[in-house]
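The structure appears below as structure tokens.
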Amino acid sequence: SSASYYERYHSLEDIYYWINKTAQEHPDMVKAILIGSSYEKRPLYVLKLSGRQERAEKRAIWIDCGIHAREWISPAFCLWFVQYSLNFYNQNNDITEMLNSMDIYVLPVMNPDGYKYTWTTNRMWRKNRSSSKESNCVGTDLNRNFDANWCTKGASNRPCDEIYCGQFPESEPEAEAVANFLRSHKDSVKLYLSIHSYGQMLLFPYSCSNEEVPNHAELFELVQEAAMKIRRYYRNNYKYGASANTIYLAPGGSDDWAYNLGIQYSFTFELEDRGRYGFLLPPSLISKACNEALLALKSIALRVIQKT
Ligand SMILES: NCCCCC[C@@H](C[SeH])C(=O)O
Ligand SMILES: [Zn+2]
Ligand SMILES: [Zn+2]
């Protein structure tokens with residue numbers, strides 16, 4: 001049987017079409033917001049999902065996908081999640097409670113130039129596509145370009161490196177657009193999620209140092225509970241914990257920066273797999289990877305709704 005639209009990978013043009021179609025088809029629950037543009041002047045669209053219940057105080061969840069170009073399962077998850085939420089609102093209790101309690105901002109492709117490049121030129125590209133004057137190498141690692149211990153150990157100041165931190169914090173238009181949006185919504189955004197691959201991990205700050213955040217125990221409990229659910233329902237193992245000692249030191253990350261902005265529930269998900277296919281996760285595994293990520297997202301989001 002032909003796999004559904006959401007169990008296939010989609011080109012950048014396809015995703016832009018989907019963004020506009022989804023907003024048009026659900027005018028009561030979805031709004032497309034232009035938050036900025038990429039280095040090559042492609043639009044950065046955020047979809048704002050809202051329940052139909054009017055609510056006094058606005059709280060929100062932020063989810064970004066596609067910060068790293070080759071991690072195709074990440075944008076696939078954002079599309080899958082939006083479709084799932086719209087389909088099961090007022091049917092599935094968790095989704096209904098989430099959307100009636102929080103707006104959900106979804107940025108399907110944070111690095112459109114890089115994503116396009118993986119479809120046309122180099123499937124394994126990671127960074128954005130900005131060029132620097134002092135080198136003929138291209139691209140900054142957007143997950144090293146945020147203002148959190150910027151360009152210290154775990155990042156590189158050499159433009160040719162995969163973890164190049166950029167010329168200065170938020171030097172890249174994609175990082176600046178996300179930082180600007182979160183700065184102007186920092187009082188309502190209670191939960192920050194950045195979706196990556198691969199490795200099957202549920203991570204929280206800090207990754208810029210081995211120092212523990214003040215609510216480390218609380219964040220650890222949240223990812224532990226989520227990982228236990230994935231293990232129980234899908235018989236799959238996800239590692240979990242603070243980034244620095246669960247994966248590696250990675251300064252200048254969006255999650256650390258969001259945490260320091262005041263969003264004290266901030267996470268990075270590394271989706272499937274553990275390395276058999278790596279970034280080249282086959283379409284047949286999209287549904288499994290997305291269901292696992294959804295279980296973790298719902299587990300954490302529903303707890304955050306109770307706490308905030
Ligand atoms: N703040 C970064 C969280 C830990 C590292 C995440 C991975 C995703 Se590919 C990375 O950016 O190297
Ligand atoms: Zn990544
Ligand atoms: Zn990764």
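As the structure lists them, so they are numbered: ligands from 1, and atoms in each ligand from 1.
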Please work out whether any backbone atom (N, CA, C, O) or any side-chain heavy atom from C-beta onward of R126 is under 4.0 Å from ligand 1, and answer side chain, backbone, both or neither.
side chain

Looking only at protein heavy atoms, which one is nearest to atom 9 (Se) of ligand 1, and how far off is it?
E71 OE2, 3.2 Å

In ligand 1, the atoms that come under 4.0 Å of a heavy atom of E270 are 7 (C), 8 (C), 9 (Se)

The Zn ion (ligand 3) to nearest N/O/S of S197 below 2.8 Å
yes

With clusters defined by side-chain heavy atoms of hydrophobic residues (ILVMFWY) lying less than 4.5 Å apart, directly or transitively, does V189 cluster with I300?
no

Please state which protein non-hydrogen atom is closest to atom 7 (C) of ligand 1 and give its distance, to 0.1 Å?
Y248 OH, 3.5 Å

Short N/O/S contact of E270 with the Zn ion (ligand 3) (below 2.8 Å)
yes

K307 with E218: basic N within carboxylate O range, under 4.0 Å:
yes

I'd like the atom name of the N/O/S atom in H68 lying closest to the Zn ion (ligand 2).
ND1

What's the atom name of the N, O or S in H196 nearest to the Zn ion (ligand 2)?
ND1

Return the minimal non-hydrogen interatomic distance between A148 and C208, and the atom names on each side.
O-CB, 3.9 Å

Subset of ligand 1 atoms that lie under 4.0 Å from at least one heavy atom of H196:
8 (C), 9 (Se)

re atom 2 (C) of ligand 1, the protein heavy-atom contact at minimum distance is S207 OG, 3.4 Å

Does the plane of the ring in W80 sit parallel, tilted or perpendicular to the ring in F77? Use 30° and 60° as the thresholds.
parallel

Return yes when atom CG of D28 has more than 12 non-hydrogen atoms of other residues, nucleotides or ligands closer than 6.0 Å, and no otherwise.
yes

The reported gap from CG in L12 to CZ in R42 (rounded to nearest 0.5 angstrom) is 6.0 Å

Could you label the plane-to-plane angle of the W62 and F181 rings as parallel, tilted or perpendicular, counting under 30° as parallel and over 60° as perpendicular?
tilted

Taking 4.0 angstrom as the limit and counting only heavy atoms of R144, give me the atoms of ligand 1 inside it, by number and element.
10 (C), 11 (O), 12 (O)

Co-membership, hydrophobic cluster, residues F146 and V46, 4.5 Å side-chain:
yes

For atom 11 (O) of ligand 1, which candidate among I247, N143, L249, D255 holds the nearest heavy atom?
N143

Please list, in number order, the atoms of ligand 1 under 4.0 Å from a heavy atom of S243.
3 (C), 4 (C)

Within 6.0 Å of CZ in R303, more than 12 heavy atoms from elsewhere:
no

